[in-house]
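Here the structure is a predicted model, which means the values were calculated and not measured. All chains are named by letter (A, B, ...) in the order of the sequence lines, taking the proteins before the strands, and each is independently numbered beginning at 1.
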Amino acid sequence: MVARELRLRSASDFDRVRTRGRTVSSRWFVVKALPNDVGHNRYGFAAGKRFGNAVQRNRAKRLMREVLRELHPHLAQGFDIVVIVRNNVPSDLTYAHVRPDIAELLRRVGLYHEARPCVVHSSG
RNA sequence: GAUACCGGACGGGCGAUCGCUGGCGUUGCCAGAGGAAAGUCCGAGCUGCAUAGAGCGAGGGUGCCCGGCGAAAGCCGGGGAGACGCGUUGUCGAUGCGCGUCGACAGUCCAGAUCGGCGUGGUUCGCCACGAGAGCAACAGAAACCAUUCCGGCGCCCCCGUGCGCCGGCUGAAAAGGGCAAUCCUCCCCGCAGCAAUCUCCGAUCGAACCGUUUGCAGGUUGCUCGCCAAGGUUCGAGGUUGAGAGCAGGCGCUUUGCGCCCAGCCCGCUCGCGGGCUGAGAGAGAUGAUCGUCAGAAACAGAACUCGGCUUACGGUCCGGUAUCUUCA
RNA sequence: CGGGGAGUAGCGCAGCCCGGUUAGCGCGCCGCGUUCGGGACGCGGAGGUCGGAGGUUCAAAUCCUCUCUCCCCGA
């Protein structure tokens with residue numbers, strides 16, 4: 001989980017990032033990023049109604065939050081970032097599947113520069 | 001012992017590191033989703049609106065009997081009308097009996113009666129009132145709901161026909177005795193809406209009242225004066241936002257860093273109904289997660305959103321009880 | 001989270017309230033005719049678990065219960 005100051009809180013913030021932010025996507029996730037004037041990053045997570053029931057939507061959001069919690073110290077600051085899970089993701093998803101996918105998307109959007117992308121992360 | 005079905009209980013435990021939400025005495029400590037939290041099918045609390053009482057109308061209500069629990073919904077136990085299946089009286093049918101499964105079933109008994117029984121409601125416990133109607137049944141069949149006479153047989157009127165009476169018949173769910181109230185209706189019961197309810201505070205904005213003094217370049221109304229308007233200030237009211245708080249997290253009260261009483265669960269003591277101790281989720285883009293170790297272990301359905309009591313639906317695995325079948329041993 | 005509505009042929013809809021004949025209409029589809037050919041037109045035809053399961057009834061698209069999917073509204 002991410003601390004409250006680092007979360008996107010209002011619907012207007014979400015709409016601004018979703019309409020004007022830069023978008024990259026993979027088979028399972030969509031990442032949108034937009035510079036802000038707060039001085040640090042803020043994160044928002046979304047799972048649509050068609051993704052599954054409440055348990056499956058909460059599960060997906062928690063996995064996304066966990067990935068962003070770990071990657072947050074290594075990211076460029078000053079952006080609002082929205083991570084959206086797509087509806088075709090299998091329901092037996094685990095952290096080991098989610099983390100490389102989102103890290104690759106953040107690298108492609110230019111916020112994440114990992115020295116050796118294939119190495120096992122230290123906090124495992 | 002195995003398999004299947006039915007009913008009930010449990011709904012992973014312990015440990016390590018990182019992280020989240022709330023509280024507190026804040027380098028930390030404590031607490032932190034369910035049996036269904038779900039569907040929203042019922043009933044209550046709570047809140048706002050409406051409302052004298054009563055009646056009429058609309059809409060809704062799974063409604064046998066007895067006993068128990070409950071605030072109510074409803075649940076538990078027993079019994080009955082009735083339905084279906086199996087067995088049995090040689091077979092088929094009818095009927096009777098036995099067993100099993102079910103049993104959302106009010107609107108009556110009696111040939112009839114202003115009487116009586118029974119049921120419902122009211123009651124001053126003496127008794128009183130009410131228990132009334134309508135509709136539907138395709139196709140087939142002679143005939144389908146105040147019955148009827150198509151066919152055959154028998155009997156009677158002297159004989160035939162006609163007629164009358166009795167018996168039988170194909171059809172159909174049902175053939176004169178009823179069926180349907182998960183048809184209308186009658187009896188009985190029910191105010192409407194819901195925490196995105198509702199209440200409080202702050203802001204934009206709007207309205208009303210009052211103030212608006214002296215000097216000087218100082219808004220508009222004719223150049224000036226007065227007056228009026230505008231700007232500004234104060235008070236009151238309206239308004240109700242992507243705002244804040246309450247509702248809201250065991251409850252209530254008080255002399256409010258706390259104390260007292262009460263409620264529920266668990267544990268302990270025991271003089272056996274009392275005493276003591278511990279515990280009580282409360283978010284607001286919405287808190288329970290991640291990586292591992294271990295136990296035989298990769299486990300289903302599934303996430304609190306105002307609260308509580310039920311109903312229904314979903315569910316891997318383990319344990320307990322019952323029934324049926326098979327196998328082994330005695 | 002709360003409150004409502006709808007599922008019927010490939011598509012859009014009737015029928016449901018008040019149960020009973022073959023579940024009907026328009027567009028679409030198929031075949032034939034017409035035309036040099038196509039369209040239009042005319043004739044004929046196919047296509048339906050009435051979202052799913054259970055119940056009431058002699059009989060259910062219709063009545064009752066449960067369930068699935070979709071849509072709308074409420075700060």
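For the C1' atoms, the distance from B/U148 to B/U171 is 16 Å, rounded to whole Å. Taking the P atoms as reference points, B/C69 lies 48 Å from B/C326, given to the whole Å. The same atom, P, is picked in C/C70 and in B/G82; the two are 49 Å apart, to the nearest Å. Straight-line distance between the C1' atoms of B/C41 and C/C64: roughly 13 Å, to the nearest whole Å. Taking atom P in both B/C274 and B/G251, one finds a spacing of 27 Å when rounded to whole Å. Distance check on atom C1': B/A314 versus B/A300 gives 10 Å, rounded to whole Å. Here, B/A176 and B/C146 have their P atoms 16 Å apart, quoted to the whole Å.
Under the Watson-Crick or G-U wobble criterion, with both distances below 3.5 Å, B/G96 is paired with B/U88. Nucleotide B/G273 forms a pair with no other nucleotide shown, judged by Watson-Crick or G-U wobble geometry with both contacts under 3.5 Å. Across every strand in view, B/U294 sits in a pair with B/G13 that passes the Watson-Crick or G-U test at under 3.5 angstrom. The partner of B/G260 is B/C252, by the rule that a Watson-Crick or G-U pair needs both atom distances under 3.5 Å. Of all nucleotides present, none satisfies the Watson-Crick or G-U wobble test against B/A285 with each distance under 3.5 Å. Pairing for B/G179 is with B/C136, a Watson-Crick or G-U wobble pair whose two hydrogen-bonding atom distances lie under 3.5 Å. Using Watson-Crick or G-U wobble geometry with both donor-acceptor distances under 3.5 Å, B/U325 finds its partner in B/A2. Summarising the base pairing, B/C170 is matched to no nucleotide, lacking a Watson-Crick or G-U wobble pair whose two defining distances lie under 3.5 Å.
The CZ atom of A/Arg57 sits 13 Å away from the C1' atom of B/A38 (whole-angstrom rounding). The distance from atom OH of A/Tyr43 to atom P of B/G289 is 23 Å, rounded to the nearest whole Å. One can place NZ of A/Lys61 at 14 Å from P of B/G303, the figure rounded to the nearest angstrom. Per the geometry, CD belonging to A/Glu70 stands 18 Å off P belonging to B/U17, to the nearest Å. Rounded to whole angstrom, the span from the CD atom of A/Gln56 across to the C1' atom of B/A314 amounts to 14 Å. What separates CZ of A/Arg99 from P of B/C18 is a distance of 19 Å, to the nearest Å. Computed from coordinates, the A/Leu63 CG to B/U288 P distance equals 12 Å when rounded to whole Å. The CZ atom of A/Phe45 sits 13 Å away from the P atom of B/C20 (whole-angstrom rounding).
Looking only at distances, no side-chain donor or acceptor of A/Gln56 sits under 3.5 Å from a matching main-chain atom of A/Ala54. Using a distance-only test at 3.5 Å, with no hydrogens or angles considered, a donor-acceptor pair links the side chain of A/Arg57 to the main chain of A/Gly52. Although no hydrogens or angles enter the test, the distance criterion places a donor-acceptor pair under 3.5 Å between the side chain of A/Arg86 and the main chain of A/Ser26.
A donor and an acceptor atom never sit less than 3.5 Å apart when one is taken from the side chain of A/Arg62 and the other from the base of B/G19.
Listed by chain and number, the residues in a side-chain hydrogen bond (donor to acceptor under 3.5 Å, both in side chains) with A/Thr94 are A/His97 (sequence neighbours excluded). Applying the side-chain hydrogen bond (donor to acceptor under 3.5 Å, both in side chains) test to A/His72 and every residue at least two apart in sequence or in another chain returns A/Tyr43. In terms of the side chain to side chain contact (heavy atoms under 4.5 Å, CB included) criterion, residue partners of A/Val55 (sequence neighbours excluded) are, by chain and number, A/Asn53. A search for side-chain hydrogen bond (donor to acceptor under 3.5 Å, both in side chains) contacts involving A/Ser25 returns nothing, not counting sequence neighbours. Remark: A/Asn36 engages A/Asp80 in a side-chain hydrogen bond (donor to acceptor under 3.5 Å, both in side chains) (not counting sequence neighbours).
An OP1 or OP2 oxygen of B/G303 is reached within less than 4.0 angstrom by a side-chain nitrogen or oxygen of A/Asn53. OP1 or OP2 of B/A287 has at least one side-chain nitrogen or oxygen of A/Arg65 nearer than 4.0 Å.
Out of B/C18, B/A304, B/U288, the shortest distance to the side chain of A/Arg69 is found at B/C18. In the set B/C18, B/A285, B/A33, the nucleotide with an atom closest to the side chain of A/Phe14 is B/A285. With B/G289, B/U291, B/A302 as the candidates, the nucleotide lying closest to the side chain of A/Tyr95 is B/U291.
Within a 6.0 Å radius of CZ in A/Arg18, no more than 12 heavy atoms belonging to other residues, nucleotides or ligands are found.
Syn is the conformation of B/G126, whose glycosidic angle sits no further than 90° from 0. In B/A33 the O4'-C1'-N dihedral to the base is within 90° of 0, which defines a syn nucleotide.
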Quiz item: RNA chain C in dot-bracket, Watson-Crick or G-U pairs under 3.5 Å, [ ] crossing, | other strand?
Solution: (((((((..((((......[...)))).(((((.......))))).....(((((..]....)))))))))))).
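Between A/Val55 and A/Ala96, the residue anchored nearer the 5' end of RNA chain B, judged by the nucleotide with its closest heavy atom, is A/Ala96.
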